[in-house]
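The shown structure was predicted, so the numbers you read here are calculated from the model rather than taken from an experiment.
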Amino acid sequence: MKAIRAAVMAVALGASTGVALSADPVAATVEQPRSFGHVLGDVLTQRVLLEHAGRPLQAGALPAAARIDLWLERRPPRIETDAQGRRWLAIDYQLVNAPRALSAIALPAMSIATASGPTLALPAWAVSIAPLTPPDVFGQGDLQPLRPDRPVAALPTDAIERQMRLSLATLLGVLLAWFAWWAWRNAREARHLPFAQAWRELKRIGDPGSAQAWRVVHRALNTSAGHVVHGASLPRLLAEAPYLRPLQARLEDFYRESTRRFFAGDAAAAESDSPYPLRPLCRALRDAEKRHRR
């Protein structure tokens, strides 16, 4: 009973691992590559017939792709079928090194296990490999040790240069157009915006404390509000023009000073002869107006 169990386990183990149960490998039918004329980069293919005694075989573990030695590297094997329906195992070896002189190497011998038959034995196969160039040059004509550098033809750049000139001209046109628009806008604002116009007029007045200068600022405030502005109506102006609120304290001081200058008696007018910073106020109003317009 124990002997039967051992035999059953051996059969099961052999089937699960893909190892043939035959103890003696048999010679495989192999189509070998030619034995001569190989150089660096060539691929040598062995084709192994997956058949024994007229019965097809199922290959077990295939040879792994790996570097074999100094000269050969094995690629992943594949199964092919010919015109007669026979199955072949194709194994490619690529020559990855070049010898200095004509040399002989060998494709390695190996055994290929099958799932339901004997192990196939492949013998080593000798091939010759040759160098890509002779070790010594001939020294005749153009066959010299060193060749002069080959001059490199200049690439045509006319189209690139035309495109670059067009791009630069376009960029220059855009910049000029932007500058012209910026200058036109500033000139237009200086002519039409109340505080910008007042600032231009104020710079032309020699005495910034004169009644004319004060009237210029008053007129700009009235134009900006659309109605006459005085100290009592200043909150209305700030409600309609919120961008002037940061200047509320200075505007309140401006209207108090204006009341003293134009409506107070001689004594109060004499007390107000100290210079008032009218130009800084007008410039601050112009800047606030410009920021608001942006």
Side-chain angles (χ1 to χ4, degrees), residues 155-294:
L155 295 175
T157 59
D158 295 342
I160 298 176
E161 292 176 1
R162 285 196 301 270
Q163 185 66 30
M164 174 127 355
R165 286 194 293 269
L166 178 61
S167 300
L168 291 176
T170 303
L171 176 61
L172 180 61
V174 170
L175 292 177
L176 289 176
W178 180 85
F179 179 77
W181 172 82
W182 176 80
W184 170 82
R185 190 195 67 170
N186 286 349
R188 179 177 179 276
E189 290 181 351
R191 289 192 303 269
H192 296 90
L193 295 181
F195 296 122
Q197 187 176 2
W199 174 247
R200 290 180 59 194
E201 294 180 15
L202 201 61
K203 289 192 296 183
R204 291 195 294 264
I205 298 176
D207 182 10
S210 65
Q212 181 185 2
W214 281 80
R215 282 195 292 269
V216 167
V217 179
H218 271 289
R219 184 167 58 250
L221 287 165
N222 295 339
T223 303
S224 177
H227 54 80
V228 176
V229 181
H230 47 79
S233 62
L234 182 59
R236 177 183 173 187
L237 170 63
L238 298 177
E240 295 173 348
Y243 63 92
L244 295 179
R245 287 175 184 171
L247 301 173
Q248 179 176 354
R250 297 173 68 176
L251 288 172
E252 292 173 349
D253 185 54
F254 167 78
Y255 279 104
R256 283 194 298 268
E257 182 66 20
S258 176
T259 300
R260 284 195 297 268
R261 285 177 178 270
F262 291 100
F263 301 104
D266 294 340
E271 293 177 359
S272 64
D273 287 340
S274 57
Y276 180 81
L278 189 63
R279 281 185 176 176
L281 173 62
C282 186
R283 184 170 59 247
L285 292 170
R286 181 206 62 179
D287 294 342
E289 180 183 58
K290 183 182 295 186
R291 287 192 297 271
H292 172 66
R293 295 290 294 183
R294 290 176 182 172

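- The structure places NE2 of His292 at 14.5 Å from CG of Asp287, a figure rounded to the nearest 0.5 Å.
- Nearest heavy-atom pair, Val216 versus Glu201, reported as atom, atom and distance to 0.1 Å: CG2-OE1, 3.5 Å.
- Between Leu193 and Gln197 the shortest side-chain heavy-atom distance does not fall below 4.5 Å.
- A heavy-atom distance below 4.5 Å is not found between the side chains of Ser210 and Arg215.
- Distance check, rounded to the nearest 0.5 Å: CG of Leu285 to CZ of Arg250 gives 7.5 Å.
- The aromatic rings of Trp214 and Phe254 sit parallel to each other, their planes meeting at less than 30°, with 60° as the upper class boundary.
- For the atom pair Gln212 CD and Leu202 CG, the distance stands at 9.5 Å (nearest 0.5 Å).
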- Message: For a side-chain contact (heavy atoms from CB on, under 4.5 Å) check, start with the C-alpha distance between Leu234 and His230, then their side-chain angles and the critical distance, and finish with the verdict.
- Response: CA-CA 6 Å; Leu234 182 59; His230 47 79; over 6 Å; no

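- Between Ala288 and Tyr243, the closest heavy-atom pair is O-CD1, 3.6 Å.
- In terms of heavy atoms, Trp199 sits closest to Arg283 at CH2-NH1, 3.4 Å.
- Residues His218 and Tyr255 meet the side-chain proximity criterion, which asks for heavy atoms closer than 4.5 Å.
- Atom CG of residue Leu281 and atom CD of residue Glu257 lie 11.5 Å apart, to the nearest 0.5 angstrom.
- At a threshold of 4.0 Å, the pair Arg286-Glu289 does not count as salt-bridged, since none of the basic side-chain nitrogens sits closer than that to a carboxylate oxygen.
- Within the 4.5 Å cutoff, no side-chain heavy atoms of Ser258 are placed close to those of Arg261.
- Looking at heavy atoms from C-beta onward, Leu221 lies in side-chain contact with Leu251 at the 4.5 angstrom threshold.
- Between Ala220 and Ala198, the closest heavy-atom pair is CB-CB, 3.6 Å.
- When all heavy atoms of Val229 and Ser233 are compared, the closest pair comes out as CA-OG, 3.5 Å.
- In this structure, the separation between CG on Leu175 and OG1 on Thr170 is 11.0 Å, given to the nearest 0.5 Å.
- Salt bridge status for Asp253 with Arg256: present, with a side-chain N to carboxylate O gap under 4.0 Å.
- For Leu238 against Gln248, the heavy-atom pair with the smallest separation is CD1-CG, 3.3 Å.
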